[in-house]
Chemist: 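Quick one: this structure, given as structure tokens, is what I'll be asking you about.
Proteins come first, then strands; the chains are lettered A, B, ... in the order of their sequence lines, and each starts at number 1. These values consider heavy atoms only, across backbone and side chains, with no hydrogens, waters or symmetry-generated copies.
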Amino acid sequence: MSAVVFFIAAIVALGGAVAVVTLRNPFYAVLALVCHLVALAALFLLLRAEFVAAAQVVVYAGAVMVLYVFVVAYVGGAPGTEELRAGPAMRFFGPLMALALAVELMIALLGSALSGITSKGAPYIPGFGTPRQIGKLFLTDYLFVFETASLLLLVAAIGAVVLARRRRGLDEPGAGMSVDDLRRLVAEPRAKDTGTMAEGAGTPS
Amino acid sequence: MAIGWYLTVSVLIFCIGVTGVLVRRNPLVILLCLELMLNAANLALVAFARMHGGEAGQIFALIVMVVAACEVTVGLGLIVAISRRGLAVDVDELRELDG
């Protein structure tokens, strides 16, 4: 049973990863990554990492991917703006380098003398990987790491706000709009296919 | 399933992510491929935690998630700033960023 779940989750995860790299529209690439992350959460569950799996779904597939979708919709995911513009040399040598890396890592993995690799893991103790256990470790052995992570999140949040804020002196479309113009703009009916998911994907039907 | 299978999947996902970073030119997609690589590392960490029967690997994986979230926030902030200035969202056009 666990083997079946493993292979389904592994195939979905690998397929999602390939789709992220090959799909030309960034919007669909983000959706493929969500599939990949959920499949990876299933693999974490098989490895008895319940809390990590839950965090993966809530934080990654939920919060971070919403951020991605918003930015793709803002920047514009129209197919014309995005292309595989790597030179022919890079398009040829890129996958080749990755293949060489895969071979090297597999040799390192299979050649390692770790006896645990062929086993199913350490004997399962009830409570392994539960939120209770993880929380206890975070507040005892790994307290410093925990506090550093919160500081890092604060720095990143401030950094993002500083980077993406509106600066004065730049021409903002609509900045000099009069009240009458704005009223007319609001009164106009919304154009077809705007304000929808299709607009973000850049494929108006 | 033996732990080696999970590590194999992790290796493959990591290499797919490397391919994406090398081949794609849109910084948004490059960030997505970086996420793939970080997730592959996470899978390996959780697999090793299972192999040894200790939770330290899972703690490490959670911290990697935090770092990835920070990286995404700053990276997407940069992309928004780039597009707001009307520059092309393309890493080849943005060579002056290397200092």
Chemist: Could you have a look at Leu67(A), Leu14(A), Leu47(A), Val18(A) and say which one has the most heavy-atom pairs with chain B under 4.5 angstrom?
Modeler: Leu47(A)
Chemist: I need the Ile79(B) CD1 to Tyr68(A) OH distance, nearest 0.5 Å.
Modeler: 7.5 Å
Chemist: Got Phe44(A) and Arg50(B) here, is their nearest side-chain heavy-atom distance under 4.5 Å?
Modeler: no
Chemist: Ala40(B), Gly54(B), Ala61(B), Gly57(B): which one forms the most heavy-atom pairs within less than 4.5 Å of chain A?
Modeler: Gly54(B)
Chemist: Which residue out of Gly129(A), Ala29(A), Ala10(A) racks up the most heavy-atom pairs below 4.5 Å with chain B?
Modeler: Gly129(A)
Chemist: Can you find a heavy atom in the side chain of Asn39(B) that is under 4.5 Å from one in the side chain of Gln56(A)?
Modeler: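 They are in side-chain contact.
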Chemist: With a 4.5 Å cut-off on heavy-atom pairs, point out which of Val46(B), Val74(B), Val9(B), Thr73(B) contacts chain A the most.
Modeler: Val46(B)
Chemist: Below 4.5 Å, heavy atoms only, C-beta onward: do Leu99(A) and Thr19(B) meet side chain to side chain?
Modeler: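 No - every pair of side-chain heavy atoms lies 4.5 Å or more apart.
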Chemist: Count the heavy-atom pairs under 4.5 Å between each of Phe51(A), Phe138(A), Phe146(A), Phe70(A) and chain B, then report the option with the highest count.
Modeler: Phe138(A)
Chemist: Enter the distance from Glu50(A):CD to Gln58(B):CD here, rounded to the nearest 0.5 Å.
Modeler: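 The CD atom of Gln58(B) is 8.5 Å from CD of Glu50(A), to the nearest 0.5 Å.
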Chemist: If you count heavy-atom pairs under 4.5 Å between each of Tyr74(A), Tyr142(A), Tyr60(A) and chain B, which one has the most?
Modeler: Tyr60(A)
Chemist: Any non-hydrogen side-chain atom of Val23(B) less than 4.5 Å from a side-chain atom of Pro95(A)?
Modeler: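 Yes, close enough: below the 4.5 Å cut-off.
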Chemist: For chain B, which candidate among Leu110(A), Leu46(A), Val59(A) shows the most heavy-atom pairs at distances under 4.5 Å?
Modeler: Leu46(A)
Chemist: Within this structure, what is the CG-NE2 distance for the pair Leu36(B) and His36(A), rounded to the nearest 0.5 Å?
Modeler: 5.0 Å
Chemist: In terms of heavy-atom proximity below 4.5 Å to chain B, should Leu109(A) be classed as side chain, backbone, both, or neither?
Modeler: side chain
Chemist: So which part of Val155(A) gets closer than 4.5 Å to some heavy atom of chain B, the side chain, the backbone, both or neither?
Modeler: neither
